[in-house]
Amino acid sequence: MRKTMLLLWCAMLAASCAHAEISVVPRPASVQTCKGEFVFSGDTAVQADPALDAAARVVAQLLESSAARSGVDPIQSISIERVKAPDLGAEGYILDISPGKVRIRAQEAAGAFYAAQTLRQLAAQSRAIPCGTIRDMPRFKWRGLMIDVARHFQPKEEIFKIIDAMALFKLNVLHMHLVDDQGWRLEIVAFPQLTQIGSKREASGKFDLCMSPAGDAHQGYYTRDDMRAIISYAAERFITVVPEIELPGHATAAIASVKGLSCLNKRFKVSNCWGVHQDIFCAGEDKVFEFLEKVLSEVAELFPGPYIHIGGDEAPKDRWKACPKCQKRIKDQGLKDEHELQSWFISRIEKYVNALGKQIIGWDEILEGGLPPRAAVMSWRGMQGGTDAAMQGHAVVMSPTSHCYLDYRQSAQSEPNAIGPVTTLEKTYSFEPVPEGLTAEAAKHIMGVQGNLWTEHIATPEHLQYMAFPRALAIAEVAWSSKTARDWAGFSRRLPAALALLKTMGVNYREPREGELAK
């Protein structure tokens, strides 16, 4: 009887419901609030479809942190249900809130999990949340954050903290830049010297080929068990970890560790300077492909996601031009020049990766000389590379330096050590991933957005978090919310609640200064 009366009362309130804004990042697709409140209590019952247990865990943790309140109706409950609703897709959800019940509905586990994160954000602001209905789904399927752990290694526990923050704001791809000239950070069983040698670099104060002094000696790497733990932790939060194994450039750490991979017959050291290095993998040496295939086979076995990032950027051709083996390869393969040699190199790697059941994604330089048949492109040198790839029918992630490089300065005023021009929070938020003039058919190939955080100048977890947040929240809203739903003034109003929640999680962030947010 009491339950029937409650349902009738809620039906009467429905007439007074109205569209409203709530302090949630990213902004939901549709929000209606009604009169009345749901008050969290430690006595709240949770009923969940077993297939949606990830959402149930979030809700259970939320309730554990809620102080029990006397006088709460004992029939109060939260239900998590799996429903058929094709328009929600795999990540969408409906969140119905009434005085005595919260009802989460989703087609798939990811959608229920994101509904629970929305509920978590609301509960962090007040234990009494307004009644109403939230209907939500993402604009893009790739909502990414790249962490460069090659230049400065980040311990496993710090990666967990980043993953927690990503999940809260519905980011779903963690791209780990694992290898570069300055370090190899992943254990490879076939080549133990990659971490025995390649994970360590000496101290240096040189400026040669550097953007800044390299500073102190540095070392660190992830064992296979470490990486399995990161992958598992991320998967429980519906985040896919994408590994990056750079080729053919940015290869000094590998060349220093394993003999016979370069065009020059000399010994190399792991680089202690930043910048673009002339020595890259030798395209004319068969041993290079034997090495890369063994590495990539282990990477494919370890990482369950569909993509392996192969870099492909900033690969100078000077060594190839002077290398007899590379020139012979060009002649034997009927190639025109070194750019086509790089395309051949990438295409050969793509065929092998495809045979492992994976696809490659690379920086937009892989367009040079011809794009491999199934390759996806991450467009960083502006939007043109991504536009060209999409027009050719290839999947694209937009991450241009102009808006998405989170290692760039956040202000012209005093800031921690950083690189590049100023990229403010507002500028990042203003990014539109689908270029004007792109056909509707080509626009379907824009699969998402990514913020990139390179760490040449970022040595500590605290500094990394400071550079990532709150701009990663802007990336999250750009990637999740519809173009018409985005609003800088509204984001500015919702941001303080999101930052307060980050603070409770122990995540460092840059506090917006006076005048930086909309009034």
Side-chain angles (χ1 to χ4, degrees), residues 24-31 38 40 44-65 77-97 101-124 129 133-145 159-175 228-242 302-307 357 447-449 476-477 479-481 501 505:
V24 171
V25 175
R27 186 179 183 181
S30 172
V31 177
F38 177 93
F40 282 92
T44 302
V46 180
Q47 301 165 335
D49 184 309
L52 309 179
D53 63 334
R57 287 196 299 271
V58 174
V59 170
Q61 292 167 0
L62 177 60
L63 295 176
E64 286 174 10
S65 66
S77 66
I78 299 176
S79 69
I80 307 171
E81 307 165 24
R82 193 169 188 172
V83 296
K84 287 186 177 181
D87 59 318
L88 292 178
E91 297 179 299
Y93 63 89
I94 300 170
L95 183 57
D96 287 316
I97 305 167
K101 183 171 184 176
V102 171
R103 186 183 182 197
I104 291 172
R105 288 177 286 162
Q107 278 211 130
E108 303 292 342
F113 179 80
Y114 292 134
Q117 297 295 350
T118 294
L119 198 61
R120 182 181 169 198
Q121 288 193 44
L122 291 171
I129 62 175
T133 298
I134 299 170
R135 189 180 185 90
D136 200 11
M137 67 285 296
R139 181 184 182 190
F140 295 107
K141 65 179 181 180
W142 186 299
R143 306 181 299 278
L145 181 65
I159 299 298
F160 291 165
K161 186 178 286 189
I162 293 292
I163 289 170
D164 283 336
M166 290 176 64
L168 177 61
F169 300 106
K170 305 181 178 71
L171 292 166
N172 69 344
V173 177
L174 174 61
H175 169 184
R228 288 190 187 99
I230 290 170
I231 293 166
S232 175
Y233 195 88
E236 289 173 357
R237 291 152 181 81
F238 299 91
I239 292 171
T240 300
V241 180
V242 174
L302 188 59
F303 291 83
Y307 285 100
M447 63 176 174
V449 187
E477 185 144 315
W480 180 279
S481 303
L501 191 47
M505 297 167 65

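For this chain, numbers begin at 1 and follow the sequence in order. What you see below is based on every heavy atom in this structure, not just the backbone, and it leaves out hydrogens, waters and symmetry mates.
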Do the side chains of [Y] and [X] get nearer than 4.5 Å, heavy atoms only?
X    : Y    : value
V25  : L501 : no
F40  : I78  : yes
L171 : R143 : yes
F303 : V242 : no
V173 : M447 : no
L119 : I129 : yes
S232 : R228 : no
I159 : L174 : yes

Which atom pair, heavy atoms only, marks the closest approach of [X] to [Y]?
X    : Y    : answer
V241 : I231 : CG2-CA, 4.1 Å
L88  : A106 : CD1-CA, 4.4 Å
S79  : R103 : OG-CG, 3.4 Å
L95  : A115 : CD2-O, 4.1 Å
L52  : A109 : CD2-CA, 3.5 Å
G305 : T240 : CA-CG2, 3.9 Å

query = For R27, which residues count as a side-chain hydrogen bond (donor to acceptor under 3.5 Å, both in side chains) partner, sequence neighbours excluded?
reply =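 For R27, no residue satisfies side-chain hydrogen bond (donor to acceptor under 3.5 Å, both in side chains) once neighbours in sequence are set aside.
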inquiry  = Once side-chain hydrogen bond (donor to acceptor under 3.5 Å, both in side chains) is applied, do any residues pair with R105, and if so which ones, sequence neighbours excluded?
reply    =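 Result, side-chain hydrogen bond (donor to acceptor under 3.5 Å, both in side chains) vs R105: D96.
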From [X] [atom1] over to [Y] [atom2], what is the distance, rounded to the nearest 0.5 angstrom?
X    : Y    : atom1 : atom2 : result
E91  : E108 : CD    : CD    : 10.0 Å
R120 : F113 : CZ    : CZ    : 8.0 Å
E477 : F169 : CD    : CZ    : 11.0 Å
R135 : I94  : CZ    : CD1   : 4.0 Å

request  = Please test Y233 against D164 for side-chain contact (heavy atoms from CB on, under 4.5 Å), starting from the C-alpha separation and ending with a verdict.
outcome  = CA-CA 9 Å; Y233 195 88; D164 283 336; 2.8 Å; yes
Treating [X] as the side-chain partner and [Y] as the backbone partner, does any N or O pair qualify as donor plus acceptor under 3.5 Å?
X    : Y    : answer
Q117 : K170 : no
Q107 : A85  : yes
N172 : F238 : no
Q121 : L168 : yes
R139 : W480 : no

query = With sequence neighbours left out, what residues match F140 under ring pair (Phe, Tyr, Trp, His ring centres under 6.0 Å)?
reply =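 Checked F140 against ring pair (Phe, Tyr, Trp, His ring centres under 6.0 Å); zero matches.
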query = Which of parallel (below 30°), tilted (30 to 60°) and perpendicular (above 60°) describes W142 and Y307?
reply =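 Aromatic pair W142/Y307 classed perpendicular.
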request  = Run the numbers on I163 and I230 for side-chain contact (heavy atoms from CB on, under 4.5 Å), then give the verdict.
outcome  = CA-CA 9 Å; I163 289 170; I230 290 170; 4.2 Å; yes
task = Could you please spell out the steps behind the side-chain contact (heavy atoms from CB on, under 4.5 Å) verdict for L122 and V24?
result = CA-CA 7 Å; L122 291 171; V24 171; 3.8 Å; yes
